[in-house]
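Down below is the structure, laid out as structure tokens.
One is the number of the first residue; the rest follow in order along the sequence. None of the values given here were measured: they were computed from a predicted structure.
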Amino acid sequence: MRSNENTLLLGKKVVLVPYTAEHVPRYHEWMKSEELQRLTASEPLTLEQEYSMQRSWREDAAKCTFIVLDAEKWQAQLSTTEESCMAGDVNLFLTDLGDPSLGEIEIMIAGLTKFEAKIGQGNEPSIRMFRKLHFEQVAVSSVFQEVTFRLTVNEHERQWLLEQTSHVEEKCYRDGSSESH
């Protein structure tokens, strides 16, 4: 949507910037993921189709698309590219031309690659479990008596996690009917 082409929304944790051609290569890499395709009800596109989609969203008066950037990373260095700070996107669609106050919102966070766990220093079972899950100790707080563990998911870790969870099935939790107690 042209109305947001020069709009930047700066929050404490994230920055929203208009979706431009600069963002397409990273976005395209995300959307190669079968899981993201399933979660977003998307079809795989070629890189050229992705560029075409970005241009069409920019021109469509009923769509407003922002790329979500990690604010801390984005503000850390002047030489940091937006592409390296990308975490997801936010889409707003005007769904009823008769009611301009009604819209649909979609939010996708695809760039989450670091996970942290803060564990009490005396909680040995949890510490062992997180170490077994490949988390590494990155900090100790004597004030709070806790240890911080972090897992950075690279391709090797991603493959390991997929192997460890290959037996997991996704099923509906409830059928939508009210439960009897």
Side-chain angles (χ1 to χ4, degrees), residues 7-20 22-42 64-92 104-176 178-179 181:
T7 303
L8 177 144
L9 300 173
L10 178 60
K12 292 178 182 173
K13 300 280 186 180
V14 299
V15 179
L16 301 182
V17 297
Y19 182 33
T20 68
E22 170 189 354
H23 306 116
V24 170
R26 177 96 185 261
Y27 190 87
H28 179 67
E29 284 302 311
W30 286 342
M31 296 312 294
K32 287 180 180 178
S33 161
E34 289 180 16
E35 180 182 15
L36 272 181
Q37 289 172 24
R38 181 181 59 80
L39 292 172
T40 60
S42 300
C64 186
T65 300
F66 287 97
I67 293 295
V68 179
L69 305 178
D70 176 321
E72 186 177 322
K73 192 173 179 182
W74 182 75
Q75 292 176 316
Q77 299 176 355
L78 293 174
S79 61
T80 303
T81 66
E82 286 183 9
E83 187 178 16
S84 70
C85 300
M86 288 172 61
D89 72 345
V90 175
N91 300 300
L92 301 171
E104 177 184 335
I105 187 168
E106 294 177 349
I107 301 172
M108 176 189 69
I109 302 300
L112 194 61
T113 58
K114 292 183 221 163
F115 300 88
E116 283 189 348
K118 295 183 186 296
I119 305 165
Q121 286 178 318
N123 189 343
E124 284 301 321
S126 288
I127 290 171
R128 283 193 305 273
M129 179 189 72
F130 278 96
R131 282 191 171 132
K132 186 176 179 181
L133 294 171
H134 295 190
F135 279 70
E136 296 178 358
Q137 182 176 318
V138 294
V140 176
S141 171
S142 55
V143 173
F144 293 107
Q145 297 290 301
E146 66 185 14
V147 182
T148 301
F149 284 86
R150 181 179 296 153
L151 173 66
T152 301
V153 180
N154 56 29
E155 188 55 33
H156 178 263
E157 290 296 332
R158 185 180 168 284
Q159 286 302 319
W160 181 82
L161 286 167
L162 288 172
E163 289 169 13
Q164 299 304 306
T165 58
S166 63
H167 64 282
V168 175
E169 295 179 53
E170 182 178 333
K171 295 187 175 191
C172 184
Y173 177 56
R174 295 192 174 123
D175 63 5
S178 61
E179 291 184 57
H181 295 276

Backbone N/O of Glu136 and side chain of Arg150: donor-acceptor pair under 3.5 Å: no
Within the 4.5 Å heavy-atom criterion, are Leu69 and Val14 side-chain neighbours or not? no
Is a side-chain N or O of Lys73 found less than 3.5 angstrom from the main chain of Ser84, in a donor-acceptor match? yes
Within this structure, what is the OG-CD distance for the pair Ser42 and Glu106, rounded to the nearest 0.5 Å? 8.0 Å
Where is the tightest heavy-atom contact between Ile127 and Gln121, given as atom of each residue plus distance? CD1-O, 3.7 Å
Quick check against the 3.5 Å criterion: does Glu116 have a side-chain atom that pairs as donor or acceptor with the backbone of Phe149? no
Among all residues two or more places apart in sequence or in another chain, which pass the side chain to side chain contact (heavy atoms under 4.5 Å, CB included) test with Glu34? none
Thr165 and Leu161: which non-hydrogen atoms are nearest, and at how many Å? OG1-O, 2.8 Å
Tell me, do Phe66 and Val17 make a side-chain contact under 4.5 Å, heavy atoms counted? no
Could you work out, with side-chain hydrogen bond (donor to acceptor under 3.5 Å, both in side chains) as the rule, every residue matching Thr152, not counting sequence neighbours? none
Residues in side chain to side chain contact (heavy atoms under 4.5 Å, CB included) with Ile107, at least two apart? Val90, Ile105, Ile109
Please name all residues satisfying side chain to side chain contact (heavy atoms under 4.5 Å, CB included) with Lys32, sequence neighbours left out, ordered by chain then number. His28, Glu29
Which of Tyr27, Tyr19, Trp30 passes side chain to side chain donor-acceptor pair (under 3.5 Å) with Asp89? It is Tyr27
Is the Phe135-Phe130 ring centre distance short of 6.0 angstrom? yes
Do Leu16 and Val68 make a side-chain contact, defined as non-hydrogen atoms from C-beta onward lying under 4.5 Å apart? yes
Sequence neighbours excluded, which residues qualify as salt bridge (Lys or Arg N to Asp or Glu O under 4.0 Å) partners of Arg158? Glu155
Return yes when atom CD of Glu35 has more than 12 non-hydrogen atoms of other residues, nucleotides or ligands closer than 6.0 Å, and no otherwise. no
Heavy-atom check, side chain of Met31 versus side chain of Met108, under 4.5 Å: yes
Does a sphere of radius 6.0 Å around CZ in Phe115 hold more than 12 heavy atoms from other residues, nucleotides or ligands, not counting ones at 6.0 Å or beyond? yes
Side-chain (Gln75) to main-chain (Glu72) donor-acceptor, under 3.5 angstrom: no
Closest non-hydrogen atom pair between Ala71 and Gly11, with its separation: CB-O, 4.0 Å
Who pairs with Gln164 by side chain to side chain contact (heavy atoms under 4.5 Å, CB included), at least two apart in sequence or on another chain? Trp160
Below 4.5 Å, heavy atoms only, C-beta onward: do Lys118 and Val147 meet side chain to side chain? no
Do Glu82 and His23 have a side chain donor and acceptor closer than 3.5 Å? yes
Could you check whether any side-chain heavy atom of Leu151 comes within less than 4.5 Å of a side-chain heavy atom of Glu157, counting everything from C-beta outward? yes
What's the separation between atom CE in Met129 and atom CD1 in Ile119, rounded to the nearest 0.5 Å? 6.5 Å
